[in-house]
Amino acid sequence: MLVPLIFDQFFISVIALLTTAMISSSSQESVSAVSLVSPIYAMTYAIFSSISAAGTVIIAQYKGNGNMNMVKKAAGQIVMFTVVSAIFFSIVLSFFAGSLIDAMFADADICVKNKATEYLIGCAISCIFLSLYMGCVAVFRGIGQTKICLKLSMIINLIHLFASFIFINILRLDIIGTSLSLNLARVIGGGVALYCLLGEKSGLSIRLKDIMRINGSILTSVIQTSIPFAMEQLCFNGGAILVSMFIVKLGTKSVAANAVANSTVAVFYAMGLAVSNLAVPVVGQCIGAGDRRMAKNYGKKMIWLGEFSILLSLAVMVPFLKLILGLYQAPADTIGDIYKLLVIITLPMVLFWSTSNVLPNVLRAAGDVKFTSYVSLGVMWIVRVGLSYLVSIKLGAGIVGVWICLGMEWLIRSIIFLLRFHSEKWLKTLF
């Protein structure tokens, strides 16, 4: 199950890096615009992402206790609710795109704001098709069919890459080209994902009527499980927006450096994200089968596997760091800042990333979603938002201060989640 997930996450991160590099080659204003939009778009993405994550937990636990009929019913509700939620929030986001950008990033250059508005509308539209893809993938991950997830990921990301090359590098459509490639990839990806879910090879015998029909009890379980995680993600991205707002005050150079560094770091922990995703179906199926001892043992293995994956990724990728950064064609005065940010975050990533990011998914797989959400939110707002503002703006540390606080956030989260894990209070069944 892990190997396809590793390739999946690594593939996604590399494609994201390459597409960001293409945008960067257009202009520094374009990559800055994408950076500003990311946390706003993530607010909408968090809604159906949380439904997808909750769906994986529910599917895994039904699979663990052998109730395939409930797996089928839950799958239909997850896909339906994910798409409906995405449609609603995408319409709202498209309508208020310009107002949001103007209100939140008033200090940004007018060119950056115009491009950000165009890109935000494109992202909002693509959410509808992405939600269909994510609802289907949630089901496949819950039953352990990670190979299908990898194939679907390859389809959607390769189309995005090649379409980006055509629209941005050949046709020179700049930020509009980025939006077009995103929508094209997600339309095809969502369609193929639904085809796979309804096909005989899925082994679930799902029909369109299962997706269209409302099942109150299952839908309630999906909503109850997804709400804490959704609120966490919404507040988390709200905090990220505030961080982006005061990064804008540091200038376009800092915004661009932050965007490139974020994209590069995402490649470094891509394998770790695969382990984090694996923790949900593995631990969830143990809980569903009523084996708490095995759930805890696999939880420990997931933590150590996440740690190993980070070390391995850094060992493989760091020697190629100069080549990776060269893809962005960033101005010479930005490169130094990017290297500085990557150096700052490397040690915290090695020491605390796994316990800060893999361990919460171990807890969530057992239904311990409220605790993980409260902790993640509290630490994020106190450290990454509050302390970052104090250090970067008031004390004058600039963008460096933001990344130092990010490492501190991982440290504090790790301590709290480890205490929770060893207390065994998280070992409870969802149903």
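- Looking at heavy atoms from C-beta onward, L427 lies in side-chain contact with I287 at the 4.5 angstrom threshold.
- Distance CG/L278 to CG/L273: 12.5 Å, rounded to 0.5 Å.
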Quick one, S126 with R186, criterion side chain to side chain donor-acceptor pair (under 3.5 Å). Give me CA distance, side-chain angles, the key distance, then yes/no.
CA-CA 6 Å; S126 74; R186 291 176 175 179; 2.8 Å; yes
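- Judged by distance alone, the side chain of D210 and the main-chain N or O of A75 form no donor-acceptor pair under 3.5 Å.
- Relative ring orientation between Y269 and W410 is described as perpendicular, the plane-to-plane angle rising above 60° on a 0-90° scale split at 30° and 60°.
- Put simply, the side chain of S153 never gets that close to the backbone of L150: no donor and acceptor are under 3.5 Å apart.
- Side chain of N262 to main chain of N258: a donor-acceptor pair is present (N/O by atom type, distance under 3.5 Å, no hydrogens or angles).
- The closest donor-acceptor contact from the side chain of S181 to the backbone of T178 lies under 3.5 Å.
- Looking at F371 and W426, their side chains never come closer than 4.5 Å, going by heavy atoms from C-beta outward.
- At a cut-off of 3.5 Å, with distance as the only test, no side-chain donor of S276 or N357 sits close to an acceptor on the other residue.
- At least one donor-acceptor pair under 3.5 Å links the side chain of S52 to the backbone N or O of M134.
- A donor-acceptor contact shorter than 3.5 Å is absent between the side chain of T372 and the backbone of R364.
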